[in-house]
2 protein chains.
Amino acid sequence: MRKGEATRGRIVSEAGRMASVRGLAAVSLNDIAEAVGLSKSGVFKHFGDKDELHLAVLEASVDRFLALVWTPSLKIPTGKPRLKFIFERWLDWVETEGGPGGCPMMQASVEYDDQPGRVRDFLQAMHRRWARTLGPEIRVLTSPPLPPEQVDQAVFDIKSYVMGFGQQRRLLDDVQARRLATGAFEALIERLSLEPAAA
Amino acid sequence: MRKGEATRGRIVSEAGRMASVRGLAAVSLNDIAEAVGLSKSGVFKHFGDKDELHLAVLEASVDRFLALVWTPSLKIPTGKPRLKFIFERWLDWVETEGGPGGCPMMQASVEYDDQPGRVRDFLQAMHRRWARTLGPEIRVLTSPPLPPEQVDQAVFDIKSYVMGFGQQRRLLDDVQARRLATGAFEALIERLSLEPAAA
DNA sequence: ACAAAAAGTGCACGAGCGTGCGTATTCTAA
DNA sequence: TTAGAATACGCACGCTCGTGCACTTTTTGT
């Protein structure tokens, strides 16, 4: 029972790398089998069906993301330092660590945003969870803490900047992408710090 | 020779609607044929190969986008009013007019951002062209006009907000999505108006 | 060490894919 | 109105897809 989990991990990892480039739906069992060195049915047996594989890939991506971005941030002091750390690590994730084609979850989020099913449900829950995780970190940027509307707005802004960064960096090959993203982020932080009592 | 162009248009339009939901690669000739009421080969003959279809879909989307967002904006006075108009129409486009699954070009931009080929080349050129179109409209928001770096930064910000809006609206079903997007946009405009000489 | 369980293989299936080709139909211009 | 071109169809091809099943090999607990 131990060996199975190991190879399953390798399968999911490899599938995630491929999905980051082509998207989840475009990753075939054959491709994975060749990459991992198994037979097609050997790969298939680890999952009841294709959907299960997709979910497993996304779950593994979330775990890896949290381990690389969120967990290490807990050692950083709350407030601006921690948030900045998270943002920078998040950009790293999108740039390289998420996979050769960026972040599999972002790719899937666009791919499935209008396709009902378990994948979309998972992605919805994932984003909401992450927003609830990020919110408190933003909230405590000021004293007194920011009101919920401003927190939601900032979460939206930050997520948008990360998405914009991905496109600028991956599709447009813009070497300035990181500067643009951090520029937008820094401006947001400053804005929040300066007007804590604004509407 | 006239009839052909008409049906080709119908094919491309229908394929675009499908691509906005599932992505370009997931649209099969069979699906298009059924939707348009042609045979599979009848559809195929209008394009040398699948790639040509993909390009045609994107070109048509660009035309429609420009006709719905950019062209009507030319009647609005330059500066803040026109830019605001463009942004609002852009959100409309992402929300409904681009297709049942949003904007086919955005979907494709994520789908192909790491897949070399003519589709990616087209998308790159498209984004750069749009950025060059948008730039001058931002530049003249202030007097004296904004320096290039601030213009690039604002273009990045705005594009990011639109992407963020798409995700918030489509994947997360957030009824506040539009408020968040316009909120971010308004804040950007105000920021630019207030500090015209900043770094 | 051995039996039970787990993991992986090989093969075949039905379906769907893009594409090519010969033929039929429909449009268009003289 | 009729020849010729444009358009669409039907069919078949080679290939890949996800999935199912019977089988063999490997791992694991006792």
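Chain naming here is simple, since letters A, B, ... match the order of the sequence lines and numbering starts at 1 in each.
- As rounded to whole Å, 19 Å separates atom P of D/dC15 from atom NZ of B/Lys50.
- Under 3.5 Å, the side chain of B/Lys45 and the base of C/dT19 form no donor-acceptor pair of N or O atoms.
- Between A/Phe44 atom CZ and D/dG18 atom P there is a gap of 9 Å when expressed in whole angstrom units.
- Cluster membership for B/Leu74 and B/Leu134, using ILVMFWY side-chain heavy atoms within less than 4.5 angstrom, is shared.
- Of the candidates B/Tyr112, B/Phe122, B/Phe47, B/Tyr112 is the only one forming a side chain to side chain contact (heavy atoms under 4.5 Å, CB included) with B/His54.
- The base of D/dG10 does not come close enough to the side chain of B/Lys40 for any donor and acceptor atom to sit less than 3.5 Å apart.
- Here D/dT28 presents its P atom at 8 Å from NZ of A/Lys3, a figure rounded to the nearest Å.
- Residue contacts for B/Val27: at a heavy-atom cut-off of 4.0 Å it reaches the sugar-phosphate backbone alone, with no base atom in range.
- Atom CG of A/Leu38 is separated from atom C1' of C/dT9 by 10 Å (rounded to the nearest Å).
- Put simply, the side chain of A/Ser41 and the base of C/dG8 share no donor and acceptor less than 3.5 Å apart.
- In this structure, A/Arg64 contributes its side chain and A/Glu97 its backbone to a donor-acceptor pair below 3.5 Å.
- Residues B/Trp90 and B/Phe165 place their aromatic rings such that the two centres sit no closer than 6.0 Å.
- Look at CZ on A/Arg8: it is 12 Å from P on C/dG8, rounded to the nearest Å.
- Between the CG atom of B/Asp51 and the P atom of C/dT19 there is a distance of 9 Å, rounded to whole Å.
- Among the protein residues, B/Ser39 comes within range of the nucleic acid bases, having at least one heavy atom under 4.0 Å from a base atom.
- Distance CG (A/Leu29) to P (D/dT19): 7 Å, rounded to an integer number of Å.
- Straight-line distance from the NE2 atom of A/His46 to the P atom of D/dT19: 15 Å, rounded to whole Å.
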